[in-house]
Every structure is written in structure tokens, then in C-alpha cells.
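Throughout, residue positions are numbered sequentially from 1 according to the sequence presented.
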Amino acid sequence: IWVTSAYLLGLVAPLLLAGRLGDRYGQKTLFILGMSVFTLASLACGLSTTIEMLILARAIQGFGAALMTPQTQAMIVRIFPPDRRGAAIGLWGSVAGLGVLTGPILGGFLVQSAGWQAIFLINVPVGVVGVILAWRLLPTLPRLKVSFDWIGTVMSAVGIFLIVYGLQEGVANHWGPVWGPITIPHIIIIGFVLVSGFVIHQAKSSRPLIPLRLFRDRDFSIANAAYFLVSAAMAGMPLPLLYFTQVARGLSPVLSAAFIVPTAVVAGILSPVVGGKIVARVGANRVACFGTACMALSLVWYLFFFTPTSPIWWALLPSCLAGVGNACMWAPVGMSATHRLPPADAGAGSGVYNALGELGIAVGAASMGALMNARLLAAGIPPESAGTANLPAEVLPGYITAMAESLLLPCIILFAAAALAIFLTGQAGRSPNLSDHP
């Protein structure tokens with residue numbers, strides 16, 4: 001668990017600060033620094049000989065990702081004027097969505113064929129090439145005169161750290177004590193208190209880390225909330241699908257991950273078109289609503305194959321529908337969050353957007369873990385045996401039912417995101433003559 005938690009904690013805690021550091025010291029500089037740290041930490045992960053070394057390297061890897069992640073979106077905001085920003089952010093969001101989809105496929109193949117070290121070592125040549133290309137090709141943008149609210153920085157970092165830590169460790173610790181009388185719920189509550197205090201402090205600060213005026217923009221606020229929900233859903237969705245295909249149906253990790261291939265292919269074909277022409281003509285609100293609804297319906301469709309004898313390869317059909325959903329989901333949400341973002345606040349806005357996405361991942365994964373445990377217990381199956389191959393035939397129906405019921409959670413979250421997306425203005429990605437609004 002800590003191999004996963006260390007990375008996520010190293011990533012989410014400094015994200016807000018990393019966005020502002022990019023404004024102050026240059027997005028190109030922070031991107032290259034972050035990718036260099038990430039690449040070296042990946043090498044350390046692959047060469048680790050003890051679990052403690054691996055956990056430490058993962059935490060450093062997460063910190064490198066935190067430095068790097070907000071800079072890409074912020075750089076696009078600063079380079080492109082509002083009337084040309086939509087297509088660029090659309091392509092950015094599409095590539096990010098494809099990464100989420102293709103990662104499990106490549107990861108499953110590498111683990112099965114070359115061992116767990118390969119999933120880290122493959123980052124090294126990619127990272128080296130990325131640093132070289134970034135150094136040669138990324139523009140050096142003017143640095144902004146940004147002052148830092150260090151009190152707010154500490155409050156936000158510690159608060160987010162405690163919330164994510166509590167969510168990550170809650171299921172493993174059965175939401176019980178961690179340090180003496182301090183329980184997981186206590187840690188999460190303290191985290192929320194600190195984050196609430198951070199927001200109050202930002203409202204009063206003369207040099208806020210996150211200018212709260214950004215949230216006065218309807219599209220920025222709704223898009224960030226939708227991104228949080230979509231991230232939570234996408235983090236929870238793979239678990240019951242992979243458990244069903246691998247444990248209940250006996251497929252290998254590679255074959256199990258192959259069900260995501262149609263999603264990635266369809267999304268890869270449609271995403272460039274959606275992020276450009278379709279959003280410009282139809283409106284980001286309608287496209288985002290349609291995409292998240294398609295993604296939710298694909299999960300409902302998957303449920304029809306959750307039986308011991310269903311023709312499992314037919315599940316490739318809802319995988320194609322999920323590809324349509326992904327193509328129409330990521331880009332318009334990212335475009336809506338940034339299309340009216342002032343260049344001076346590019347780092348701050350990007351930091352908020354990415355931090356909420358990572359927080360959504362933590363919430364989604366923790367919620368799914370808790371729900372799967374609860375449904376397995378209700379079926380009379382010990383959760384610790386959930387990943388065991390060759391389940392007894394008498395518990396198989398209950399196991400499959402537990403996985404199907406768990407898959408309803410991301411489905412409900414995606415429908416909620418679809419309902420939220422329709423309230424976007426729809427202006428993102430449209431040129432002035434196509435806008436519905438003055």
C-alpha cells in the first residue's frame with residue numbers, strides 16, 4: 001500500500017505551490033527540473049533492493065511529478081490567446097486521458113513479461129528524451145513577479161497530505177487507530193480543518209497562493225468540480241473490472257488489460273476532432289455532458305457481462321462506447337477550466353485543477369476499496385482473499401455480484417459529473433462569432 005501511497009502523497013501535497021513556482025521561476029525551468037527528478041527517482045525505484053528504498057524513491061518520484069504536472073497546462077494558457085486556446089487545451093486533455101487508459105495495458109504487459117522493475121525503468125529513456133526535447137523546444141516565457149504566502153502554503157500542503165493519507169490508509173487500517181488514540185477519521189478531519197483554514201486565510205491574504213477570485217468564474221468552478229468527480233470515477237472504475245476478469249474469469253493481466261484497448265483506440269481517433277471542431281460547434285457543456293454520460297452508460301453495459309458464463313469478449317463493445325466517452329470528456333472540461341484564466345494566474349489555476357484531480361483519484365480509490373470490502377463481507381467472502389485465483393465455485397456468484405455492485409459507484413459519480421457539466425457556459429473553444437454569449 002505504501003508503494004502507492006508514498007507516490008500520491010509526494011505528488012498532491014506540493015501541487016498548489018508548484019503551480020506558483022512555475023509562474024515565479026518559469027514553467028520551462030520547473031518542468032525540466034520536475035522531469036529530471038521523476039526520471040532519476042524512477043531509476044532508483046527500478047534498482048531498489050528493499051521495500052523501504054522503493055517507498056522512499058516513490059515519494060521522490062511523486063515530488064518530481066508535482067513540480068512537472070502544473071507547468072504543461074499553465075504554459076498552454078500563457079502561450080495561446082483565448083480564441084486559440086481551446087484546441088490546444090483539448091489536445092492536452094485528450095493526451096492525458098489516453099495516458100490514463102494506456103498505462104494499465106503497458107503496465108500489465110511489462111509486469112507479466114519483464115517483472116515489476118520494468119514499469120519504473122521504462123520511464124528512464126522516456127524521461128531523458130523528454131528533458132532534451134523540453135530544453136530544446138519549449139519556449140522560455142517571461143517570469144512573473146509572484147510573492148508567496150508561506151503560511152498558506154504550509155496549511156494547504158499539510159491539510160491535503162492528511163486528507164489523502166487518511167483516504168489511502170483508511171481501508172487498510174479499517175478506519176481505526178493509527179497513533180495511539182488518533183484514528184483515520186481524526187486525521188481526515190484535521191486535514192479538512194487545515195484546508196478550510198487555508199481558504200479563509202487566502203481570502204484575507206494580500207499575496208494569496210490561490211487567488212479566490214478565480215472561483216468567481218462559473219466555468220472555472222464547475223469544470224474543477226467536474227474534473228474532481230471524473231477523476232474519482234476513473235480511479236475506482238478499473239478495480240472491479242480487473243478483479244472480475246482476472247479472478248472470476250481467470251484471464252491473465254495482459255488479456256484483462258486488453259479490454260481497455262478499444263477504449264484507447266477509439267478515444268485516440270476521436271479526441272483531436274472533439275477538442276477542435278466538435279466543441280467549437282456544439283459547445284463544451286454539451287460535449288462534456290455527452291462524454292461523461294457515455295462513460296457511465298458503458299459501465300452499465302459492462303454489468304451485463306458480470307456472470308460466470310457470459311461471452312466475455314463481447315465486453316469489447318462497451319469498451320468502444322467508453323472510448324467515445326473519454327474522447328468527449330477530458331478535453332471540454334479542461335478547456336472550460338482555462339479558457340478565461342488570466343495568464344498571470346496560469347500557474348495558480350493549473351495547480352488547483354491538477355490538485356483537485358489527484359484528490360479525486362485518492363477519494364475514488366479509497367471509496368472503491370471500502371465499498372468492495374463491504375460488498376464482499378456482505379457476500380460472506382473475506383476481503384483479504386478477494387484477489388486469490390481459483391475461488392471456490394460456491395462463492396463465485398457472490399463474488400461476481402459484489403464486483404458488479406461496486407462498479408455502480410463510478411457509474412453514479414459519472415452521471416453526477418454529466419449533470420454538473422451541462423451548467424458550463426459552453427463558450428470554451430469557440431471563436432467569438434460562434435459563441436452563444438456576448
Side-chain angles (χ1 to χ4, degrees), residues 73 85-86 89-90 92-94 96-97 100 163 167 192 195-196 199 210 212-237 267 271 274-275 278-300 321-341 349-368 371 407-430 435-437:
Q73 189 181 31
R85 190 182 300 164
I89 288 290
W92 174 87
S94 301
V100 172
I163 292 171
L167 292 171
F192 274 110
V195 171
S196 300
V199 173
I210 302 298
L212 296 185
R213 67 176 183 278
L214 296 178
F215 292 94
R216 296 173 187 166
D217 182 270
R218 173 175 155 186
D219 278 352
F220 182 82
S221 297
I222 294 177
N224 274 279
Y227 186 56
F228 172 85
L229 293 176
V230 168
S231 299
M234 296 301 289
M237 182 190 76
S271 291
V274 170
I278 293 181
V279 170
R281 292 186 176 276
V282 179
N285 54 343
R286 298 183 183 94
V287 176
C289 180
F290 174 78
T292 48
C294 282
M295 195 69 210
L297 289 172
S298 73
L299 300 186
V300 175
L321 179 61
V324 176
N326 271 269
C328 298
M329 184 170 63
W330 300 102
V333 172
M335 293 161 69
S336 298
T338 58
H339 77 110
R340 283 198 292 258
L341 194 63
S350 182
V352 171
Y353 188 79
N354 286 279
L356 285 173
E358 297 299 334
L359 190 58
I361 290 173
V363 171
S367 301
M368 179 56 73
L371 180 59
L407 195 60
L408 290 173
L409 175 62
C411 180
I412 293 170
I413 294 174
L414 285 168
F415 276 126
L420 192 62
I422 201 63
F423 291 101
L424 294 167
T425 64
Q427 293 181 352
R430 290 188 168 189
S435 178
D436 290 333
H437 304 275

So do Val300 and Cys411 actually touch side chain to side chain, heavy atoms under 4.5 Å? yes
Side chains of Leu414 and Leu229: does their closest heavy-atom pair fall under 4.5 Å? no
Straight-line distance of [X] [atom1] to [Y] [atom2], nearest 0.5 Å:
X: Leu424; Y: Arg286; atom1: CG; atom2: CZ; value: 11.5 Å
X: Ile361; Y: Phe228; atom1: CD1; atom2: CZ; value: 10.5 Å
X: Leu359; Y: Asn354; atom1: CG; atom2: CG; value: 12.5 Å

With a 3.5 Å distance limit and no angle check, can you tell me whether Ser221 reaches the backbone of Phe215 through a side-chain donor-acceptor pair? yes
Return the minimal non-hydrogen interatomic distance between [X] and [Y], and the atom names on each side.
X: Leu167; Y: Ala366; result: O-CB, 3.0 Å
X: Arg340; Y: Asp217; result: NE-OD2, 2.6 Å
X: Asp219; Y: Ser336; result: CB-O, 3.3 Å
X: Phe220; Y: Leu341; result: CE1-CD1, 4.1 Å
X: Leu299; Y: Leu407; result: O-CD2, 3.9 Å
X: Ala233; Y: Ile413; result: CB-CG2, 3.9 Å

Which label fits Trp330 and Tyr227: parallel for a plane angle under 30°, tilted from 30 to 60°, or perpendicular past 60°? perpendicular
Pair Asn285-Thr425, side-chain contact (heavy atoms from CB on, under 4.5 Å): steps then yes or no: CA-CA 6 Å; Asn285 54 343; Thr425 64; over 6 Å; no
Can I get a per-line list of side-chain donor-acceptor pairs under 3.5 Å for residues 288-295, giving both atom names and the distance, sequence neighbours left out?
residue: Thr292; atom: OG1; partner: Ala288; partner atom: O; Å: 2.9
residue: Thr292; atom: OG1; partner: Cys289; partner atom: O; Å: 3.2
residue: Thr292; atom: OG1; partner: Ala418; partner atom: N; Å: 3.4

